[in-house]
Amino acid sequence: MIIYESYRGIYGERRVVFVNPDDMAKQQLNNGDKVKITTVSNDNIVRSITDFKVVEYTIPAGCVAAYYPETNPLVPLESTADDCGTPTYKSIAVSIEKI
């Protein structure tokens, strides 16, 4: 199966993280760099995924975006929305480290 997402110009892969250009500059990241993404939490459980490709994208500063289910391991099971109890897939704090 060939993966192509024309809206964001992604071809052949889904292990990507979309990052604001200014944030990329601050972290000395370039398009195509491989990174490790780690959940920021205080429960002493390390949740990390590696080998994600940085893609420059117009997204608000301080935010990143990535595909699911590739990033499911980052979401703490007990982290749920207040009103409906669904997992907080759309809003978790993460850090990004170049590898």
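Within the 4.5 Å cutoff, side-chain heavy atoms of Val19 are placed close to those of Ile96. The shortest side-chain heavy-atom distance between Val64 and Tyr57 does not fall under the 4.5 Å cut-off. Within the 4.5 Å cutoff, no side-chain heavy atoms of Phe52 are placed close to those of Val54. Within the 4.5 Å cutoff, the side chain of Lys98 has no heavy atoms near those of the Lys34 side chain. Between Thr38 and Val94, the closest side-chain pair of non-hydrogen atoms is not below 4.5 Å.
Considering all non-hydrogen atoms of both residues, Arg15 and Asp51 come closest at NE-O, 3.8 Å. Minimum heavy-atom separation, Thr39 to Ile92: OG1-CD1, 4.4 Å. Thr88 approaches Ala81 most closely through the heavy-atom pair CG2-N, 3.7 Å. Across every non-hydrogen atom of Ala66 and Val17, the tightest pair is CB-CA, 4.4 Å. Minimum heavy-atom separation, Asp23 to Gly62: OD2-N, 2.6 Å. The two atoms that bring Ser95 and Val40 nearest to each other are N-CG2, 3.8 Å, heavy atoms only.
With sequence neighbours excluded, the residues that form a salt bridge (Lys or Arg N to Asp or Glu O under 4.0 Å) with Asp43 are Arg47. Residues satisfying the side chain to side chain contact (heavy atoms under 4.5 Å, CB included) criterion with Pro60, sequence neighbours excluded, are Cys63. Applying the salt bridge (Lys or Arg N to Asp or Glu O under 4.0 Å) rule to Lys36 yields no partners; only residues at least two apart in sequence or on another chain are considered.
Grouping the Ile, Leu, Val, Met, Phe, Trp and Tyr side chains by contacts below 4.5 angstrom, directly or via other members, places Leu74 apart from Val55. Grouping the Ile, Leu, Val, Met, Phe, Trp and Tyr side chains by contacts below 4.5 angstrom, directly or via other members, places Ile59 apart from Ile37. Tracing side-chain contacts under 4.5 Å through hydrophobic residues (I, L, V, M, F, W, Y), one reaches Val35 starting from Val75; they form part of the same cluster.
Note that CD of Gln27 and CG of Asp22 are 12.0 Å apart. Values are rounded to the nearest 0.5 Å. Note that CG of Asn31 is 8.5 Å distant from CG of Asp33, once rounded to the nearest 0.5 Å. Atom CE of Met24 and atom CZ of Phe18 lie 12.0 Å apart (nearest 0.5 Å).
Atom CD of Glu78 sits in a crowded spot, with more than 12 heavy atoms from other residues, nucleotides or ligands closer than 6.0 Å. Taking a 6.0 Å sphere around CD1 of Ile99, one finds it holds more than 12 heavy atoms contributed by other residues, nucleotides or ligands.
Under the 4.0 Å criterion applied to side-chain N and carboxylate O atoms, Glu70 and Arg14 are assigned as salt-bridge partners.
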Fill in: Worked verdict on Tyr89 versus Asn72 for side-chain contact (heavy atoms from CB on, under 4.5 Å)
CA-CA 8 Å; Tyr89 291 115; Asn72 279 351; 3.5 Å; yes
